[in-house]
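What you are looking at is a predicted structure, and each value in this text was computed from that prediction instead of being measured. So that the names make sense, note that chain A is the first sequence line, chain B the second, and so on, each numbered from 1.
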Number of protein chains: 2
Amino acid sequence: MLTIGNLGKKTGTKVQTIRYYEQIGLMPEPGRTEGGQRRYGDADVDRLSFIRHARQLGFPLEAIRELLDLSDNPDRSCHEADSIARRQLKQVELRMDRLKALRTELKRMIHECSGGNTADCKVLEVLRDHSECLTDHDEIGA
Amino acid sequence: MLTIGNLGKKTGTKVQTIRYYEQIGLMPEPGRTEGGQRRYGDADVDRLSFIRHARQLGFPLEAIRELLDLSDNPDRSCHEADSIARRQLKQVELRMDRLKALRTELKRMIHECSGGNTADCKVLEVLRDHSECLTDHDEIGA
DNA sequence: TGTAAATGTTCTAGTAGCTAGAGGTTCAAG
DNA sequence: CTTGAACCTCTAGCTACTAGAACATTTACA
């Protein structure tokens with residue numbers, strides 16, 4: 001039986017985060033000692049590892065909830081899990097595209113920096129002048 | 001003189017967002033009509049465009065605050081603006097590297113999906129088994 | 001001039017995914 | 001039996017907005 005701190009160490013998760021997952025129903029309520037402290041078993045280690053791994057892959061908690069659900073019901077179709085993963089991949093590729101554009105523009109800004117005073121600073125100029133900017137108006141996101 | 005809605009349209013910013021920027025001191029308090037409605041001028045359009053453009057480039061609001069500060073004081077060194085941009089570029093490249101790794105793993109997951117039931121779903125299996133995962137424990141970030 | 005629709009106002013609370021701190025309790029080692 | 005680390009709950013904070021309630025103003029048209 002593991003304390004919450006040891007579970008955290010095993011899975012690379014902060015204690016607060018584990019309690020948070022419990023609060024939002026992603027982790028089940030664990031058993032408690034007489035004094036009221038949480039104690040965890042192997043199943044909890046597995047589940048939390050799953051969650052953390054999925055988080056590292058960028059899955060939002062809601063997607064992880066679905067995936068855990070699928071995982072708990074081994075008879076259901078694999079297609080659902082597959083489509084969640086595909087959705088995630090799309091998100092990742094979208095973000096990459098955006099970052100690529102940003103990098104280009106940032107590099108241009110930095111490359112053209114004259115090193116004088118801000119009056120003729122290219123960085124500020126580029127930011128001031130929207131016209132050369134190719135990115136569109138709506139979403140920003142990371 | 002523009003209403004807040006028209007300023008929003010001009011700059012691709014939601015009305016609420018403009019008020020939020022005012023609240024946190026990124027936009028100055030504008031003049032008001034007798035009835036108390038905000039009215040904006042050209043300087044406001046410029047400033048807000050600057051902010052939005054910087055946001056699209058991924059600058060956090062605090063960095064934008066610094067940049068605006070520099071912009072307001074044209075005598076100060078361009079180096080500061082440059083270093084903010086460089087810092088930002090580093091962030092962008094870091095995020096890109098991480099996304100690249102994620103994409104690889106996601107693709108692998110999806111590629112191996114058997115299409116059967118979840119019991120032998122590769123997506124879930126990969127998530128369940130952390131051992132093949134190369135990503136490290138600490139940061140997740142987008 | 002009257003009125004209705006569109007747009008404006010403030011205020012509060014919610015989003016994701018945690019993180020940090022206060023103030024107190026329990027556990028394990030020595 | 002004491003000490004100190006680790007636990008407990010609860011609340012609030014973070015970024016950058018977004019949404020909604022309840023009400024006021026502005027504008028266009030009849």
Side-chain angles (χ1 to χ4, degrees), chain A residues 1-27 29-40 44 48 50-68 88 91 95 98 137-142, chain B residues 1-27 29-40 44 48 50-68 88 91 95 98 137-142:
Chain A
M1 282 302 178
L2 292 166
T3 64
I4 195 170
N6 288 333
L7 175 63
K9 265 171 215 156
K10 265 210 169 175
T11 58
T13 317
K14 295 211 172 135
V15 167
Q16 315 280 65
T17 306
I18 298 173
R19 287 199 277 249
Y20 170 71
Y21 287 162
E22 180 185 329
Q23 193 186 299
I24 62 169
L26 217 65
M27 287 293 288
E29 292 187 22
R32 302 264 184 158
T33 63
E34 285 198 9
Q37 298 196 354
R38 292 168 177 82
R39 287 300 121 98
Y40 295 94
D44 296 307
L48 186 51
F50 184 103
I51 294 170
R52 290 269 96 191
H53 193 183
R55 284 295 296 134
Q56 281 171 357
L57 289 172
F59 288 90
L61 291 180
E62 276 320 298
I64 295 172
R65 209 188 284 276
E66 289 180 67
L67 288 167
L68 282 166
Q88 185 54 25
Q91 282 298 312
R95 273 188 262 166
R98 250 194 250 137
H137 254 179
D138 34 276
E139 243 187 312
I140 293 171
Chain B
M1 282 302 179
L2 292 166
T3 63
I4 196 169
N6 287 335
L7 175 62
K9 264 171 216 156
K10 264 209 172 177
T11 58
T13 317
K14 295 213 171 134
V15 166
Q16 315 279 63
T17 304
I18 298 173
R19 288 199 276 248
Y20 169 71
Y21 287 162
E22 180 185 330
Q23 193 186 299
I24 61 169
L26 218 64
M27 287 292 288
E29 291 188 22
R32 303 264 184 158
T33 62
E34 286 196 9
Q37 299 196 351
R38 293 168 176 82
R39 287 301 120 99
Y40 294 94
D44 296 307
L48 186 52
F50 183 102
I51 294 169
R52 291 270 92 193
H53 193 182
R55 284 294 297 135
Q56 282 172 357
L57 289 173
F59 288 91
L61 291 181
E62 276 320 298
I64 295 172
R65 207 188 283 277
E66 289 180 66
L67 289 167
L68 283 165
Q88 188 55 27
Q91 284 298 312
R95 272 190 265 169
R98 246 192 253 139
H137 254 177
D138 34 275
E139 242 185 317
I140 293 170

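- If you take CD of B:E22 and C1' of C:dC11, they are 14 Å apart, rounded to a whole angstrom.
- For C:dT19, the OP1/OP2 oxygens have a side-chain nitrogen or oxygen of A:T17 closer than 4.0 Å.
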Sort me out a list of protein N/O and nucleotides 5-8 of chain D N/O pairs below 3.5 Å, or just none if empty.
residue: D:dC7; atom: OP1; partner: A:T3; partner atom: OG1; Å: 2.9
residue: D:dC7; atom: OP1; partner: A:G5; partner atom: N; Å: 2.7
residue: D:dC8; atom: OP1; partner: A:R38; partner atom: N; Å: 2.9
residue: D:dC8; atom: OP1; partner: A:R38; partner atom: NH1; Å: 2.9
residue: D:dC8; atom: OP2; partner: A:R19; partner atom: NH1; Å: 2.2
residue: D:dC8; atom: O3'; partner: A:R32; partner atom: NH1; Å: 3.4

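- Taking the salt bridge (charged side-chain N to carboxylate O under 4.0 Å, His left out) definition, one finds that A:R39 meets it with nothing, sequence neighbours left out.
- Listed nucleotides: C:dT19, C:dT26, D:dA16. Nearest to the side chain of A:T33: C:dT26.
- B:D44 approaches B:M27 most closely through the heavy-atom pair O-CE, 3.6 Å.
- Note: CD1 (A:I64) to P (C:dA16) measures 13 Å, nearest angstrom.
- Here the side chains of B:R55 and B:L61 are in contact, with some heavy-atom distance below 4.5 Å.
- Between A:R55 atom CZ and C:dT19 atom C1' there is a gap of 14 Å when expressed in whole angstrom units.
- With rounding to whole Å, B:L2 atom CG is found 12 Å from D:dT27 atom P.
- In this structure, of D:dT18, C:dG17, D:dA16, it is C:dG17 that holds the atom nearest to the side chain of A:Y20.
- When each of B:E34 and B:F59 is assigned the nucleotide of DNA chain D with its nearest heavy atom, B:F59 is the one assigned upstream, toward the 5' end.
- For the pair A:L26 CG and C:dC18 P, the computed distance is 9 Å after rounding to whole Å.
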Would you list the protein and nucleotides 12-15 of chain C atom pairs, both N or O, that sit under 3.5 Å from each other?
none

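- Not counting sequence neighbours, the partners of B:E62 by the salt bridge (charged side-chain N to carboxylate O under 4.0 Å, His left out) test are B:R65.
- The line from CD1 of A:I18 to CG of A:L26 is 12.0 Å long, rounded to the nearest 0.5 Å.
- Here D:dC10 presents its P atom at 14 Å from CD of A:Q16, a figure rounded to the nearest Å.
- When the side-chain contact (heavy atoms from CB on, under 4.5 Å) test is applied to B:E66, the partners found at least two apart in sequence or on another chain are B:I84, B:R87.
- Using a 4.5 Å heavy-atom cutoff, the side chains of B:T11 and B:L7 are in contact.
- Dashed line: the shortest gap from a side-chain N or O of A:Y21 to OP1 or OP2 of C:dC18 is under 4.0 Å.
- Side-chain atoms of A:E62 and base atoms of C:dA16 include no donor and acceptor less than 3.5 Å apart.
- As a whole-Å value, the separation of A:I51 CD1 from C:dC18 P is 10 Å.
- Annotation: side chain of B:L67 is in contact with side chain of B:F50 (closest heavy-atom distance under 4.5 Å).
- For A:T17, there are no side chain to side chain donor-acceptor pair (under 3.5 Å) partners, not counting sequence neighbours.
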